[in-house]
Amino acid sequence: MSGAEAIIIQTADSIDDCWQRIGVQGDRSCPELAAHLHCRNCPTYARTARQLLDRPLPPGYRDEWTRFFARETTETVGEGERDTVLIFRIGEEWLALPVATCQEIAEPRPVRSLPHRRSTAVRGIVNVRGELLVCLSLAELLGVGAAGAARSEGRLAAFQRLVVIGGRGGRTAFEVDEVHGLHGYDRGELGPVPATVGRSATTAVSAMLPWNGRAVGCLDAATLLDLIDRSIA
């Protein structure tokens with residue numbers, strides 16, 4: 001007999017499931033229903049719940065589950081390596097960033113311009129929960145997306161968002177036209193970057209990921225953060 005079976009038998013022998021006989025799940029003949037309206041409000045029901053939680057584990061129960069989870073871990077070894085990315089849209093370009101690089105998704109904030117900006121990719125600074133962050137235009141930095149920024153045919157209403165990312169140089173933010181959310185994929189799904197991708201974007205896009213009938217450009221986090229640091233410097 002397994003630990004799970006033993007615990008079921010032990011539970012059936014040691015509790016009085018009056019709610020199933022004379023309570024709301026039974027014939028409703030319990031005199032306490034008039035005062036408590038429902039079995040879950042009855043002290044007997046609460047006392048039985050505590051009894052279930054406090055009961056000792058049957059012999060072998062812990063070992064059985066230890067073997068179960070160990071077996072699951074062993075069986076997954078050797079499968080295709082999986083990663084998770086945040087997928088978002090800039091104009092008509094769908095891009096993805098490793099989820100470890102993305103620290104926060106926020107509502108759009110007013111962007112305060114900075115004097116004497118050297119890079120057109122730097123839009124200014126934004127206040128994210130009291131922290132002033134440099135806000136960039138990823139479209140300008142990578143040379144993608146700007147042409148179709150206003151188009152949304154065939155899609156539900158999309159909302160602009162502020163994506164906050166972080167690296168060794170600190171946190172920065174950039175605006176996107178839409179955030180799809182997180183997407184897990186097998187690394188074997190990745191394809192090469194086509195020659196049609198712009199030269200600036202090619203330096204940061206490491207692979208293409210098929211998703212919902214589209215080709216999503218997977219940004220290399222280290223390369224992107226380096227581009228950002230150089231644009232701010």
Side-chain angles (χ1 to χ4, degrees), residues 80-112 114 119-146 148-149 152 155-193 197-198 200-233:
E81 295 184 68
R82 294 186 62 82
D83 283 323
T84 303
V85 290
L86 176 74
I87 294 180
F88 55 89
R89 178 177 62 84
I90 297 179
E92 292 302 313
E93 298 291 336
W94 287 91
L95 301 168
L97 261 176
V99 67
T101 307
C102 305
Q103 298 189 352
E104 188 173 347
I105 308 295
E107 297 288 334
R109 263 71 165 175
V111 180
R112 309 299 180 186
L114 291 171
S119 172
T120 56
V122 178
R123 295 199 57 224
I125 58 173
V126 291
N127 187 328
V128 179
R129 295 185 292 104
E131 181 183 5
L132 295 179
L133 302 176
V134 175
C135 182
L136 298 116
S137 167
L138 217 58
E140 188 73 27
L141 186 67
L142 301 178
V144 299
S152 61
R155 286 195 292 269
L156 297 175
F159 301 94
Q160 290 187 332
R161 291 291 183 264
L162 193 70
V163 178
V164 180
I165 60 176
R168 289 192 299 257
R171 282 157 48 99
T172 53
F174 58 86
E175 294 172 318
V176 301
D177 294 307
E178 181 180 351
V179 171
H180 162 72
L182 301 182
H183 175 69
Y185 67 94
D186 192 298
R187 292 183 188 176
E189 300 176 46
L190 296 176
V193 180
V197 175
S200 298
T202 304
T203 61
V205 175
S206 60
M208 304 301 291
L209 174 66
W211 168 77
N212 282 1
R214 301 183 177 93
V216 178
C218 293
L219 296 166
D220 179 77
T223 303
L224 178 64
L225 292 172
D226 183 60
L227 288 174
I228 291 173
D229 289 342
R230 281 188 283 163
S231 67
I232 297 175

Basic-acidic side-chain contact under 4.0 Å: R161, E178 | no
Any donor and acceptor pair, going by atom type alone, linking the side chain of E140 with main-chain N or O of S137 inside 3.5 Å?
-> no
So among V99, L219, V179, V176, which one has a side-chain contact (heavy atoms from CB on, under 4.5 Å) with L86?
-> V179
Under the side-chain hydrogen bond (donor to acceptor under 3.5 Å, both in side chains) test, residues paired with E131 that sit two or more places apart = R171
Report yes if the side chains of E104 and V128 come closer than 4.5 Å at any heavy-atom pair, otherwise no.
-> yes
Would you name the heavy atoms of Y185 and T84 that are closest together and state the gap between them?
-> CE2-N, 4.4 Å
Contacts of R112 that satisfy side-chain hydrogen bond (donor to acceptor under 3.5 Å, both in side chains) - sequence neighbours left out | none
Any side-chain heavy-atom pair of P108 and L162 under 4.5 Å | no
Nearest heavy-atom neighbours spanning E92 and R89 = OE2-NH1, 4.3 Å
Rounded distance [0.5 Å steps], CG in D83 versus CZ in R187 = 4.0 Å
Gap separating the CG atom of L141 from the CG atom of L136, nearest 0.5 angstrom = 6.5 Å
H180 pairs by ring-ring contact (aromatic ring centres under 6.0 Å, His included) with which of W94, W211, F88?
-> W211
Evaluation steps, side-chain contact (heavy atoms from CB on, under 4.5 Å), between V134 and V122 | CA-CA 7 Å; V134 175; V122 178; 3.9 Å; yes
Tightest non-hydrogen contact, residues V205 and G217, listed as CG1-CA, 3.9 Å
Which residues pass the side-chain contact (heavy atoms from CB on, under 4.5 Å) test with V111, sequence neighbours left out?
-> R123, V126, C135, E175
Between S206 and C218, is there a donor-acceptor pair closer than 3.5 Å when you use the side chain of the first and the backbone of the second?
-> yes
Are the side chain of D177 and the backbone of I90 linked by a donor-acceptor contact shorter than 3.5 Å?
-> no
Shortest non-hydrogen pair, C102 vs L97, comes out as SG-CB, 3.8 Å
V85 and V216, any side-chain heavy atoms less than 4.5 Å apart = no
Pairing residues for D226 by the salt bridge (Lys or Arg N to Asp or Glu O under 4.0 Å) criterion, not counting sequence neighbours = R230
Roughly how far apart are L133 CG and I165 CD1, rounded to 0.5 Å?
-> 10.5 Å
In Å and rounded to the nearest 0.5 Å, what is the OG1 to CG distance from T101 to L224?
-> 8.0 Å
Taking side-chain hydrogen bond (donor to acceptor under 3.5 Å, both in side chains) as the test, write out the residues that go with N127, two or more places apart.
-> none
Heavy-atom closest contact (E189 atom, P210 atom, distance) = O-CD, 3.3 Å
Spatial distance of atom CZ (F174) from atom CG (L142) [nearest 0.5 Å] = 9.0 Å
Are the side chain of N212 and the backbone of R214 linked by a donor-acceptor contact shorter than 3.5 Å?
-> no
side-chain hydrogen bond (donor to acceptor under 3.5 Å, both in side chains) filter on T223, not counting sequence neighbours, yields D220
If you measure from CD1 on I232 to CG on L114, what distance do you get to the nearest 0.5 Å?
-> 9.5 Å
Heavy-atom closest pair, residues H183 and L209 | CD2-CD2, 3.7 Å
